[in-house]
Amino acid sequence: MSRYALRAAEQKWQRIWEERRLFEARVDKTKPKYFAMEMFPYPSGRIHMGHVRNYTLGDLIARYKRAQGFNVLHPMGWDAFGLPAEGAAIKRGIHPAKWTYANIGEMRAQLKTMGLSIDWSREIATCSPEYYKHEQAMFLDFLEAGLVYRKESWVNWDPVDNTVLANEQVIDGKGWRSGAPVERRKLNQWFFKITDYADDLLKSLEKLDRWPEKVRLMQQNWIGRSEGAKVRFAVEGRNEPLVVYTTRPDTLFGASFLAIAPDHPLAEELSRTNPSLRAFAEECKLLGTSEEALEKAEKKGFDTGLKARHPFLPDVLLPIYVANFVLMDYGTGAIFGCPAHDQRDLEFARKYGRPVIPVVLPEGADPETFTIGDEAYTEDGRIFHSDFLDGLDVPTAKKTVIDRLEAMGVGERQVQFRLRDWGLSRQRYWGCPIPVLYAEDGTVVPVPRDQLPVTLPEDVDFSKPGNPLDLHPSWKHTTLPDGRPATRETDTMDTFVESSWYFARYCSPDFEDGPCRKEEVDYWLPVDQYIGGVEHAVLHLLYSRFFTRAMRKVGYLSIDEPFQGLFTQGMINHQTFQDEQGNWLEPGKVRKNDAGQWVTVDGERPVKAGRVEKMSKSKLNTIDPTDIIQAYGADTARLFMLSDSPPDRDLEWTDGGIDGAWRYLNRLWRLVDETRDRLGEPGPVPDQASGADLELRRAVHVTIDGVTHAIERFHFNKAVALLRELHNTIEGHLKRGQPGPAVLREAIETLVRLFNPMIPHVTEEAWATLGHDRLLAETDWPVADPGLMGAEEVTLPIQVNGKRRGEIRVPKGAERAAVEAAALAEPGTVRAMEGKPLKKIIVVPDKIVNVVV
RNA sequence: GCGGACGUGGUGGAAUUGGUAGACACGCAGGAUUUAGGUUCCUGUGGGGAAACUCGUGAGGGUUCGAGUCCCUCCGUCCGCACCA
């Protein structure tokens with residue numbers, strides 16, 4: 001008996017697959033294509049368990065589809081720009097490029113030990129000029145197409161590091177690195193005009209029926225379409241009206257004040273001559289934008305002294321406040337307050353003594369006595385106290401009032417989106433340079449195409465705070481095509497830009513004259529199956545959808561959507577441990593003692609076993625995949641990833657689980673090894689099987705069908721369970737008798753073939769052992785014989801009044817009358833009926849019989 | 001606050017359209033092999049009961065011959081969004 005020598009075998013097969021260039025893809029119009037893609041990793045230096053899960057899932061799909069005859073594209077690359085590289089430069093004095101490429105080298109080697117069916121010839125790194133030069137060219141294309149613009153906007157500014165921070169880098173109002181309170185500043189920033197596609201991005205979500213409902217919903221909320229109206233209020237003593245946006249024009253008769261944002265142009269104008277208003281506005285800016293701050297913040301306002309005239313009630317003058325809860329970047333930055341039907345307005349009105357006029361009457365309430373307490377009434381009802389709207393329901397009133405506003409010329413219907421344009425400027429070094437120049441008068445001049453790419457200078461100093469590109473002595477100084485002096489844009493692009501189009505670059509990774517070859521993207525795109533973490537549900541996936549539209553507009557792509565199918569995997573969790581002082585402990589530093597208590601390995605000190613949480617370096621509850629692959633091999637790690645937990649749910653890493661997977665691989669190998677001599681030669685299975693052999697054949701074909709369906713539905717844990725069940729069945733047959741060689745061969749080979757996409761190395765080894773010259777990776781997926789899909793006889797449970805009382809065995813598809821007779825004759829049925837008269841008998845063919853008495 | 005998902009043995013989880021709840025594993029218990037541990041193999045394993053039976057899918061109600069699955073109410077856990085007018 002030979003023991004399966006796993007490490008050597010894994011390396012051997014990986015080498016053979018690579019030598020035969022098995023996974024290198026090329027356009028072949030005679031075959032159906034399948035583009036399987038996982039989210040590419042950030043080259044941090046080491047792969048983690050999340051990667052192992054992600055790429056195991058993707059590889060299963062890729063190998064399965066290949067076996068089914070698809071021309072599969074399964075590429076890999078590196079999301080290689082980003083802040084950690086600059087962090088390493090600051091901390092350890094390594095140049096970001098050097099650090100990044102070293103990490104890529106290490107991680108590639110680690111990934112290769114997983115035995116993934118990846119076309120490595122298409123590998124891309126987004127930090128390479130070969131990649132980002134096309135991004136710069138596209139930026140210029142978008143600029144020409146009106147999809148990029150520059151404007152002044154508010155940003156989170158870290159005054160110590162002298163840089164803009166993304167919202168997620170602001171923690172409790174302070175910079176994540178410097179700890180300094182973040183300021184709001186106005187800066188000139190570049191924007192992608194994603195809002196041009198707001199409606200399309202929203203509507204097209206419906207067509208993405210192979211996306212998780214959850215992700216579509218998150219995008220829907222993010223885009224945040226609302227229907228309402230713009231209303232122009234005449235302001236006393238001013239020519240310009242104040243324009244407000246509202247989704248509740250039906251409550252216009254309940255208006256008791258107007259409010260504008262602290263940074264509304266009107267507020268800024270008034271501030272110039274009103275120091276106390278200016279002080280109030282400054283205070284609002286300091287408030288910060290964190291959720292917590294907003295939650296606790298009181299509704300505050302400042303009376304401007306201005307009055308606006310109600311459009312329908314010429315005698316009513318509404319005071320105009322500057323209020324801290326009104327946002328400049330949503331709608332028009334101005335609202336009308338209807339305290340009776342909006343909670344914020346109610347709180348504000350109570351504080352400043354504004355009237356609360358209910359205009360929507362709840363069903364069944366008395367109009368004479370209905371009043372508003374501490375809670376605004378935001379539900380449906382009948383309009384009252386509202387002149388021409390009285391008696392209407394809310395939707396009708398909205399329509400009616402907007403029609404009237406439009407007729408009067410003081411307002412119109414307006415669709416509003418929460419989605420804002422995508423600000424792409426980052427004051428950082430390690431990103432794609434934005435290819436524009438500024439003349440001395442500030443005019444924007446695109447970098448001429450023949451001067452692309454604009455590359456990053458290599459001699460940079462990271463010791464000073466701020467943007468290294470801006471601080472560089474010479475880089476930014478250049479000349480315009482006409483020779484006049486100019487400066488370069490020193491901001492680089494948000495790293496989400498690179499990941500917004502890499503799926504297209506995978507189709508033509510070596511193409512020099514553009515981001516992609518049309519014929520290749522037209523063949524491969526869209527991606528048939530995209531797999532990754534749900535944390536990218538909104539930003540990355542929405543940006544990619546925008547880029548697809550933008551690239552289509554400028555002529556690179558013909559598709560509507562980049563990702564036909566999306567699957568979001570769950571996280572990998574692990575138990576956490578802490579010592580008595582509350583310090584986190586690594587899993588390897590604790591064990592269970594004889595009494596079943598957790599103690600430290602050295603010293604037997606007590607350990608507090610904490611919650612099962614996402615693996616994270618801060619809690620020290622990580623397991624390094626390379627250690628696992630070293631000890632158990634890639635197949636074991638892959639099998640563990642696929643067993644037990646459904647792939648979209650969180651997976652708890654346990655030693656027991658990895659052991660179980662390891663033991664099963666050996667068991668599978670033993671089955672092949674111990675039976676190899678009694679299988680006969682490879683060849684077709686004779687049709688005349690009977691008795692136990694026929695039963696085994698049926699089990700095999702039922703399994704083929706079940707596993708195929710389970711894989712199609714991403715129920716990989718179910719597929720593993722079905723295969724282990726088949727394994728148990730085969731061993732049962734071996735124990736009880738001697739299956740015919742051809743039948744046994746069919747059973748074992750099928751088991752091996754169906755397992756191949758999950759555990760490719762051991763199955764490839766088994767396949768060779770079973771006498772095949774052709775690689776299993778090149779062998780077709782088994783097809784179930786419909787004639788062998790079910791048993792000839794079925795066991796029918798007999799229920800009496802819905803309770804199971806016995807069972808009968810009948811031929812499949814037996815006649816109803818015969819089944820009824822057999823069921824009623826069954827002793828258990830007779831006993832349970834206790835001689836009571838039969839009222840009804842329900843027979844579900846081949847499923848169940850229910851006797852009602 | 002708004003939106004969504006999920007609650008099944010000691011544990012992870014199965015259960016096409018409403019049709020034998022607990023597949024497949026982990027763990028545990030007993031046994032065989034082994035110097036021992038581990039590995040491997042066999043048997044058992046939702047609760048109660050000696051058994052016939054009976055109870056059982058977060059709680060309560062409903063629809064149905066039949067409900068983990070459908071409907072209503074409630075509780076709990078997790079996730080996303082949030083002064084968005």
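Naming: A, B, ... by sequence-line order, numbering from 1 per chain.
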Enquirer: For the pair A:Phe577 and A:His574, name the ring-plane relationship: parallel under 30°, tilted 30 to 60°, perpendicular over 60°.
Expert: perpendicular
Enquirer: Between B:A25, B:A85, B:C42, which nucleotide gets closest to the side-chain atoms of A:Arg344?
Expert: B:A85
Enquirer: When rounded to the nearest Å, what value does the distance between P atoms of B:G58 and B:G76 take?
Expert: 16 Å
Enquirer: Can you list everything that forms a side chain to side chain donor-acceptor pair (under 3.5 Å) with A:Asp380? Sequence neighbours excluded, please.
Expert: none
Enquirer: As a test of your reading of the structure, name each stem of RNA chain B as range with range, where a stem is three or more consecutive Watson-Crick or G-U pairs at under 3.5 Å.
Expert: B:1-7 with B:75-81, B:10-12 with B:24-26, B:27-32 with B:40-45, B:46-48 with B:53-55, B:58-62 with B:70-74
Enquirer: Pair up each side-chain donor or acceptor in residues 840-853 of chain A with any protein partner under 3.5 Å, not counting sequence neighbours, and list the distances.
Expert:
{"unit_1": "A:Asp846", "atom_1": "OD1", "unit_2": "A:Gly813", "atom_2": "N", "d": "2.9"}
{"unit_1": "A:Asp846", "atom_1": "OD2", "unit_2": "A:Gly813", "atom_2": "N", "d": "3.4"}
{"unit_1": "A:Asn850", "atom_1": "OD1", "unit_2": "A:Gly802", "atom_2": "N", "d": "3.1"}

Enquirer: According to ring-ring contact (aromatic ring centres under 6.0 Å, His included), who are the partners of A:Phe755, at least two apart in sequence or on a separate chain?
Expert: A:Tyr664
Enquirer: To the nearest angstrom, how far is A:Phe640 atom CZ from B:A25 atom C1'?
Expert: 11 Å
Enquirer: Expressed as a whole number of Å, how far does the C1' atom of B:C71 sit from that of B:C79?
Expert: 26 Å
Enquirer: Just the atom pairs and distances: protein N or O near nucleotides 53-57 of chain B's N or O, under 3.5 Å.
Expert:
{"unit_1": "B:C53", "atom_1": "OP1", "unit_2": "A:Arg831", "atom_2": "NH1", "d": "2.9"}
{"unit_1": "B:U54", "atom_1": "OP1", "unit_2": "A:Arg805", "atom_2": "NH2", "d": "3.4"}
{"unit_1": "B:U54", "atom_1": "OP2", "unit_2": "A:Arg805", "atom_2": "NH1", "d": "3.4"}

Enquirer: How far, in whole Å, is B:U8 from B:U57 if one measures between their P atoms?
Expert: 11 Å
Enquirer: Work out how far the P atom of B:G60 is from that of B:U69, and round it to whole angstrom.
Expert: 13 Å
Enquirer: Restricting to nitrogen or oxygen on both sides, can you table the protein-nucleotides 63-72 of chain B pairs closer than 3.5 Å?
Expert:
{"unit_1": "B:C65", "atom_1": "O2'", "unit_2": "A:Asn850", "atom_2": "ND2", "d": "3.2"}
{"unit_1": "B:C65", "atom_1": "O2", "unit_2": "A:Asn850", "atom_2": "ND2", "d": "2.5"}

Enquirer: Would you list the pairs meeting side chain to side chain donor-acceptor pair (under 3.5 Å) in which at least one residue belongs to residues 250-264 of chain A, sequence neighbours left out?
Expert: A:Trp154-A:Asp263, A:Arg248-A:Asp250
Enquirer: Syn or anti for B:G9, given that syn means the glycosidic angle lies within 90° of 0?
Expert: syn
Enquirer: Let me know the distance between CD1 of A:Ile658 and P of B:C26, rounded to the nearest Å.
Expert: 13 Å
Enquirer: Find out whether A:Asp345 and A:Ile335 are in side-chain contact, i.e. whether some heavy atom of one side chain is under 4.5 Å from a heavy atom of the other.
Expert: yes
Enquirer: With a 3.5 Å cut-off and heavy atoms only, can you find an N or O donor on one side and an acceptor on the other between the side chain of A:Lys299 and the base of B:C83?
Expert: yes
Enquirer: Please tell me if A:Arg670 has a side-chain N or O lying less than 4.0 Å from either OP1 or OP2 of B:C41.
Expert: yes
Enquirer: Classify the angle between the aromatic ring planes of A:Trp653 and A:Phe640 as parallel (below 30°), tilted (30 to 60°) or perpendicular (above 60°).
Expert: perpendicular
Enquirer: Would you say the side-chain atoms of A:Arg225 and A:Gln220 include a donor-acceptor pair closer than 3.5 Å?
Expert: no
Enquirer: Indicate, with a heavy-atom threshold strictly under 4.0 Å, whether A:Asp345 touches base, sugar-phosphate, or nothing.
Expert: nothing
Enquirer: Taking the nucleotide of RNA chain B with the nearest heavy atom to each, does A:Val844 or A:Phe417 sit closer to the 5' end?
Expert: A:Val844
Enquirer: Nearest to the A:Pro797 side chain among B:G80, B:U20, B:C24, which nucleotide is it?
Expert: B:U20
Enquirer: Within this structure, what is the CD-to-P distance between A:Gln416 and B:A85, rounded to whole angstrom?
Expert: 9 Å
Enquirer: For A:Thr654, give me all partners under side chain to side chain donor-acceptor pair (under 3.5 Å), at least two apart in sequence or on another chain.
Expert: none
Enquirer: Would you please name every residue forming a side chain to side chain donor-acceptor pair (under 3.5 Å) with A:Arg53, sequence neighbours left out?
Expert: none
Enquirer: According to a strict under-4.0 Å criterion, is A:Arg418 in side-chain N/O contact with OP1 or OP2 of B:A82?
Expert: yes
Enquirer: Check the distance between B:C41's P and A:Lys735's NZ and give it to me in whole angstrom.
Expert: 8 Å
Enquirer: Using the closest heavy atom to pick a nucleotide of RNA chain B for each, name whichever of A:Leu722 or A:Lys300 lands nearer the 5' end.
Expert: A:Leu722
Enquirer: For A:Tyr543, check side chain to side chain donor-acceptor pair (under 3.5 Å) against everything at least two apart and list the hits.
Expert: none
Enquirer: Are any of A:Arg663's side-chain N or O atoms less than 4.0 Å away from OP1 or OP2 of B:U40?
Expert: yes
Enquirer: With the criterion being N/O to N/O and under 3.5 Å, what pairs connect the protein with nucleotides 8-15 of chain B, and how long is each?
Expert:
{"unit_1": "B:G12", "atom_1": "O2'", "unit_2": "A:Ser645", "atom_2": "OG", "d": "3.3"}
{"unit_1": "B:G12", "atom_1": "N2", "unit_2": "A:Asp644", "atom_2": "OD1", "d": "2.7"}
{"unit_1": "B:G13", "atom_1": "O3'", "unit_2": "A:Asn717", "atom_2": "ND2", "d": "3.4"}
{"unit_1": "B:A14", "atom_1": "OP1", "unit_2": "A:Asn717", "atom_2": "ND2", "d": "3.4"}

Enquirer: Measure from the side-chain N and O atoms of A:Asp650 to the backbone N and O of A:Gly570, and report whether any donor-acceptor pair falls under 3.5 Å.
Expert: no
Enquirer: Compute the centroid of each ring, for A:Phe567 and then for A:Phe714, and state whether the two points are separated by less than 6.0 Å.
Expert: yes
Enquirer: Using a distance-only test with no angle check, is there a side-chain donor-acceptor pair under 3.5 angstrom linking A:Thr195 and A:Asp421?
Expert: yes
Enquirer: Give one of base, sugar-phosphate or nothing for A:Val534, where a contact means two heavy atoms less than 4.0 Å apart.
Expert: nothing
Enquirer: Using the P atoms only, state how far B:C55 lies from B:G68, rounded to an integer number of Å.
Expert: 13 Å
Enquirer: Between C1' on B:U39 and OH on A:Tyr664, what's the gap in Å once rounded to a whole number?
Expert: 17 Å
Enquirer: Between B:C84 atom P and A:Gln220 atom CD, what is the distance in whole Å?
Expert: 18 Å
Enquirer: Can you tell me the distance, in whole Å, between the CG atom of A:Leu541 and the C1' atom of B:G80?
Expert: 14 Å
Enquirer: Expressed in whole Å, how much space separates the P atoms belonging to B:A29 and B:U64?
Expert: 49 Å
Enquirer: Roughly how far apart, to the nearest Å, are B:C28 and B:G18 at atom P?
Expert: 40 Å
Enquirer: Quick one: do A:Glu213 and A:Arg216 make a salt bridge, cutoff under 4.0 Å?
Expert: yes
Enquirer: Could you measure between the two P atoms, the one in B:G61 and the one in B:A52, and give it in whole Å?
Expert: 29 Å
Enquirer: Quick one: salt bridge (Lys or Arg N to Asp or Glu O under 4.0 Å) pairs with a partner in residues 717-732 of chain A, sequence neighbours left out?
Expert: A:Arg667-A:Glu731
Enquirer: Can you measure A:Glu379 atom CD to B:G1 atom P for me and round it to whole angstrom units?
Expert: 14 Å
Enquirer: Determine: side-chain N/O of A:Tyr245 to OP1/OP2 of B:A85, distance under 4.0 Å, yes or no.
Expert: no
